[in-house]
Amino acid sequence: MTQNQGTVAWTQHDLIGLEILRPLLSAGPYLPWSSGAMRASGLVSICNEIVLGQRRRIVELGSGTSTVLLARLLREQDRGGTLDAVEHHAGWADRVNEMLAAEDLSSFARVTMAPLAPHLHGVDGLPWYEEGALDAVLEGPPVEVLIVDGPPAFEPGDALARYPALPVCLPRLAPDAVVVLDDVIRAGEAEIVERWEALSAYRFDRRADEGIAFGRVPAAA
Ligand SMILES: C[S@@+](CC[C@H](N)C(=O)[O-])C[C@H]1O[C@@H](n2cnc3c(N)ncnc32)[C@H](O)[C@@H]1O
């Protein structure tokens with residue numbers, strides 16, 4: 001069985017990333033950046049995509065510090081961009097929504113609670129976000145950036161917990177949407193990328209230095 005083990009130490013790429021993110025970090029109160037949060041280097045790639053690609057419709061599975069930082073970026077960009085985050089843990093969803101509200105960021109990002117439940121696409125019976133709650137988030141314009149950083153997948157047996165994200169969200173993605181999977185240096189996420197490439201036209205750049213896999217559908221040759 002595929003297992004996800006160990007924590008990932010930050011590297012020089014992340015220290016540079018923190019420097020690049022400094023304007024966003026300084027744009028509000030202190031944010032608790034725990035080991036569960038995305039690495040700074042990976043977050044820089046997502047910010048670059050939002051700014052350079054003029055992305056406006058972002059969905060994030062698994063909320064936290066990244067949600068607040070991206071909301072600060074969307075406010076700064078002021079192009080009508082919004083972030084919908086999905087969170088399985090009710091207390092954490094409330095906490096992140098409170099952080100957003102405290103900074104007047106609720107019109108740029110919100111967290112929707114979606115409990116984990118048995119799911120058609122769950123690997124070996126692993127649960128995923130309850131369908132009704134997710135459907136509501138995916139309604140509306142096609143998603144331009146999909147960030148997959150949940151559900152948690154570090155417990156033994158949970159390594160493939162994030163697999164359903166692409167099969168579920170694929171019909172709701174814009175043709176040029178990017179899909180970002182965090183923690184790709186873990187065995188489970190590496191296997192998920194292989195499976196996603198087998199089931200879709202998405203091709204992923206595995207960026208070990210940033211801890212993410214960055215996917216898009218290649219332009220026709
Ligand atoms: C990998 S984390 C997602 C982190 C988020 N995308 C970020 O980069 O900040 C996955 C889950 O861990 C939980 N989580 C993240 N940060 C947490 C914290 N500081 N305290 C409690 N739970 C946390 C949430 O339930 C979240 O959905």
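No experiment lies behind these values; they were computed from the predicted model shown. Counting starts at 1 for both ligands and their atoms, following the listed order. Scope of the values below: all heavy atoms of this structure, side chains included, with no hydrogens, waters or symmetry mates.
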Item to check | E60: numbered ligand 1 atoms lying under 4.0 Å from its heavy atoms | outcome: 6 (N)
Checklist outcome for this item: In this structure, OH of Y163 is separated from NE2 of H119 (nearest 0.5 Å) by 11.0 Å
Next on the checklist: Using heavy-atom distances only, which candidate in D182, V68, T65, D149 approaches atom 9 (O) of ligand 1 most closely?
Outcome noted: T65
Next on the checklist: The test is side chain to side chain donor-acceptor pair (under 3.5 Å); show your working for T82 and R56 and say whether it passes.
Outcome noted: CA-CA 6 Å; T82 57; R56 288 166 27 118; over 6 Å; no
Item to check | Test item, G150 contacting ligand 1 (heavy atom, 4.0 angstrom) | outcome: no
Checklist entry - Which value, rounded to the nearest 0.5 Å, describes the distance between R55 atom CZ and L74 atom CG? => result 13.0 Å
Checklist entry - If you round to the nearest 0.5 Å, how far is CG of L15 from OG of S41? => result 9.5 Å
Item to check | Per-residue contact class, P151 against ligand 1 - non-hydrogen pairs under 4.0 Å | outcome: neither
Checklist entry - Nearest 0.5 Å, what's the CG-CD distance between D94 and E87? => result 10.0 Å
Item to check | salt bridge (Lys or Arg N to Asp or Glu O under 4.0 Å) assessment of R75 paired with D104 | outcome: CA-CA 10 Å; R75 174 173 59 191; D104 269 338; over 6 Å; no
Checklist entry - In the protein, what heavy atom is nearest to atom 8 (O) of ligand 1, and what distance, to one decimal place, separates them? => result M38 N, 2.7 Å
Checklist entry - When rounded to the nearest 0.5 angstrom, what distance separates CH2 in W196 from CG in L181? => result 4.5 Å
Checklist entry - Who's the nearest protein heavy-atom neighbour of atom 19 (N) of ligand 1, and how far? => result W92 CH2, 3.2 Å
Next on the checklist: If we only consider heavy atoms of H88, is any one of them less than 4.0 Å away from an atom in ligand 1?
Outcome noted: yes
Next on the checklist: Could you identify the single nearest non-hydrogen protein atom to atom 2 (S) of ligand 1 and state the distance to 0.1 Å?
Outcome noted: G36 O, 3.3 Å
Checklist entry - For ligand 1, which atoms have a heavy atom of G62 less than 4.0 angstrom away? => result 3 (C), 5 (C), 6 (N), 27 (O)
Next on the checklist: Just to be sure I read this right, does ligand 1 sit under 4.0 Å from the backbone of S66, its side chain, both, or neither, counting only heavy atoms?
Outcome noted: both
Checklist entry - In the protein, which heavy atom is nearest to atom 27 (O) of ligand 1, and how far is it? => result E87 OE1, 2.6 Å
Item to check | Protein heavy atom at shortest distance from atom 12 (O) of ligand 1 | outcome: P152 CG, 4.3 Å
Next on the checklist: Between ligand 1 and S34, can you find any atom pair, the residue atom being a heavy atom, that is separated by under 4.0 Å?
Outcome noted: yes
Next on the checklist: Would H89 count as being in polar contact with ligand 1, using the rule that some N or O on each side must be under 3.5 angstrom apart?
Outcome noted: no
Checklist entry - Of the non-hydrogen atoms in H121 and P164, which two are nearest, and what is the gap between them? => result O-CG, 3.7 Å
Checklist outcome for this item: Correct closest heavy-atom pair for R39 and W33 would be C-CZ2, 4.4 Å
